[in-house]
Protein chains: 2
Amino acid sequence: MRYSIGQVAKKLGLTTHTIRYYDKEGLLPFIRKGSSGARVFEEDDVDWLIIVECLKRTGMPLKEIKKYIQLCQQGDETLQTRFEMFQKQKVKIEEQMSTLQKYMEKINFKIAYYGDAVKHGTDDIYTRNKWLAAERERLFGHK
Amino acid sequence: MRYSIGQVAKKLGLTTHTIRYYDKEGLLPFIRKGSSGARVFEEDDVDWLIIVECLKRTGMPLKEIKKYIQLCQQGDETLQTRFEMFQKQKVKIEEQMSTLQKYMEKINFKIAYYGDAVKHGTDDIYTRNKWLAAERERLFGHK
DNA sequence: TATACACTTAGAGCCTACTCTAAGGTTTGC
DNA sequence: GCAAACCTTAGAGTAGGCTCTAAGTGTATA
């Protein structure tokens, strides 16, 4: 199966502009053009774009994704490097998840706080921001 | 306890430039200035900045954070709105976590793939990208 | 008193990642 | 054979979020 840029864009939730931009930036080096000059996406190219999306959405800058592509193009000598790259990315994702978890606790505190405040019709200065005060004390090391 | 902009920056892992930028953008409307014109951070102001960081790091644009501040300044009538704002932010974080989880699966697949490839010293085209092929088929609806 | 190191402002510059426009070529269906 | 709906390029513009500079003021220590 072969796909046009528009079909791929639609399926992956990107715009055709964005995909062409990625191509211009060297992120899609394997794409061929048909006789009319239009990009033809083979299944492998779609798989590739899915990986680009995955790396981008987990916080890897396009420049670094490009480096990965260059590693791929250099052949089997870079397999170990590529392996390590994905291991690092995994650690990065784990960090992001635990960071999100940490922020979730603050948000939950705020929800509890505003839940109370809404119930009483006003901010309760006595219970206000207990969690935050604890966090500030942790950062600054005193009460 | 009172803090200078430099002390706060160091503790929160921001630069003084960034904090001044936030102030300029209206994100720190409560900060007072000392006799020499320097910003004086009270404990409440630090707590406030911690919340700004929390919202920003969980993907809220500075503009929207500013709207929250404006709600805070409008008093008790906006308590319900603020409550809902944090509830929405919680949902957003949950979505981010499940998205990360989804991408983590792809990364794990790639790690397994490269683990194999490193072991054999070359890409194995037979097992290559099985997961990705499945994903592509899911998106495009055929084999 | 000198020197270092804070702090201040206004405003320019930068980076990433798009996003869009203009002008045009190709393909598809009636 | 022509309109609609694709596709192409080069390149300009935009948004968000900093990041830095210049020029200056204030404070603290030797």
Side-chain angles (χ1 to χ4, degrees), chain A residues 1-29 31-42 45-46 49-69 89 92 96 99 103 140, chain B residues 1-42 45-46 49 51-69 89 92 96 99 103 140:
Chain A
M1 255 322 254
R2 291 172 167 182
Y3 310 93
S4 71
I5 194 171
Q7 288 173 307
V8 173
K10 209 165 187 177
K11 291 295 184 184
L12 300 195
L14 300 167
T15 69
T16 56
H17 292 304
T18 301
I19 296 177
R20 284 197 203 97
Y21 168 69
Y22 288 173
D23 193 10
K24 198 163 63 181
E25 294 300 302
L27 268 61
L28 311 171
I31 302 287
R32 300 188 189 289
K33 307 255 178 106
S35 55
S36 74
R39 289 168 188 81
V40 176
F41 286 76
E42 306 286 346
D45 300 325
V46 174
L49 196 46
I50 288 170
I51 279 296
V52 167
E53 259 302 277
C54 173
L55 294 173
K56 196 203 59 170
R57 297 277 312 265
T58 55
M60 185 179 286
L62 300 189
K63 265 187 193 170
E64 220 174 306
I65 298 175
K66 193 177 171 176
K67 275 188 209 154
Y68 166 59
I69 291 158
Q89 193 64 11
K92 259 182 66 180
Q96 284 175 57
T99 300
Y103 286 121
F140 287 85
Chain B
M1 254 319 255
R2 290 170 171 184
Y3 309 92
S4 72
I5 193 169
Q7 289 173 304
V8 173
K10 208 166 187 174
K11 291 294 184 183
L12 298 196
L14 300 167
T15 69
T16 56
H17 293 304
T18 301
I19 296 177
R20 285 196 201 96
Y21 168 70
Y22 287 172
D23 194 10
K24 198 162 63 179
E25 295 299 301
L27 268 61
L28 310 170
F30 314 116
I31 301 287
R32 299 188 190 289
K33 307 259 179 105
S35 55
S36 73
R39 288 168 189 79
V40 177
F41 286 77
E42 307 287 345
D45 300 324
V46 175
L49 196 45
I51 279 296
V52 167
E53 261 300 277
C54 173
L55 294 173
K56 195 203 59 170
R57 296 279 312 266
T58 55
M60 185 179 287
L62 300 189
K63 266 186 191 170
E64 219 174 308
I65 299 175
K66 192 176 174 180
K67 275 188 209 155
Y68 166 59
I69 291 158
Q89 193 65 10
K92 260 181 65 179
Q96 285 175 58
T99 300
Y103 287 120
F140 286 86

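Letters A, B, ... are given to chains in the order of the sequence lines, protein chains preceding strands, and every chain is numbered from 1.
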(message) Whether B/S36 contacts C/dC7 is assessed here as follows: a side-chain N or O lying under 4.0 Å from the phosphate OP1 or OP2. Is that the case?
(response) no
(request) Grab the CD-C1' distance between B/E53 and D/dG17 for me, whole Å please. (result) 12 Å
(request) Give the rounded distance in Å between these two atoms: CG of B/L55 and C1' of D/dG16. (result) 17 Å
(request) Report the distance from atom CD1 of A/I19 to atom C1' of D/dC6, rounded to the nearest whole Å. (result) 14 Å
(request) List in chain and number order the residues that pass side-chain hydrogen bond (donor to acceptor under 3.5 Å, both in side chains) with B/T16, two or more places apart in sequence or in another chain; answer none if no residue qualifies. (result) none
(request) Quickly work out the A/R32 CZ to D/dT8 P distance and round it to whole Å. (result) 16 Å
(request) May I have all residue pairs that pass salt bridge (Lys or Arg N to Asp or Glu O under 4.0 Å) and include part of residues 1-13 of chain A, sequence neighbours excluded? (result) A/R2-A/E42
(message) Under the rule for side chain to side chain contact (heavy atoms under 4.5 Å, CB included), what residues qualify as partners of A/T99, not counting sequence neighbours?
(response) A/Y103, B/R57
(message) So, taking the atom named OH in A/Y3 and the one named CG in A/L49, what distance separates them when rounded to the nearest 0.5 Å?
(response) 13.0 Å
Under 3.5 Å, which donor-acceptor pairs do the side chains of residues 19-32 of chain B form with other protein atoms, sequence neighbours left out?
residue, atom, partner, partner atom, Å
B/Y22, OH, B/K56, NZ, 3.2
B/D23, OD2, B/R39, NE, 2.6
B/D23, OD2, B/R39, NH2, 3.4

(message) Distance check needed: D/dA15 P versus B/E64 CD, whole Å only.
(response) 17 Å
(request) Round to a whole Å and report the spacing from CZ of B/R2 to C1' of C/dC7. (result) 17 Å
(request) Would you kindly give the CG-to-C1' distance between B/L28 and D/dC18, to the nearest whole Å? (result) 15 Å
(request) Measure from NZ on B/K66 to P on D/dG16 and round the result to the nearest Å. (result) 13 Å
(message) My understanding is that only residues two or more places apart in sequence, or in another chain, count here; which of them pass side-chain hydrogen bond (donor to acceptor under 3.5 Å, both in side chains) with A/T15?
(response) A/T18
(request) Would you mind building the protein contact string for nucleotides 9-22 of chain C? One character per nucleotide, 5' to 3', B for base within reach (heavy atoms under 4.0 Å), S for sugar-phosphate only, - for untouched. (result) B-B----SBBBBB-
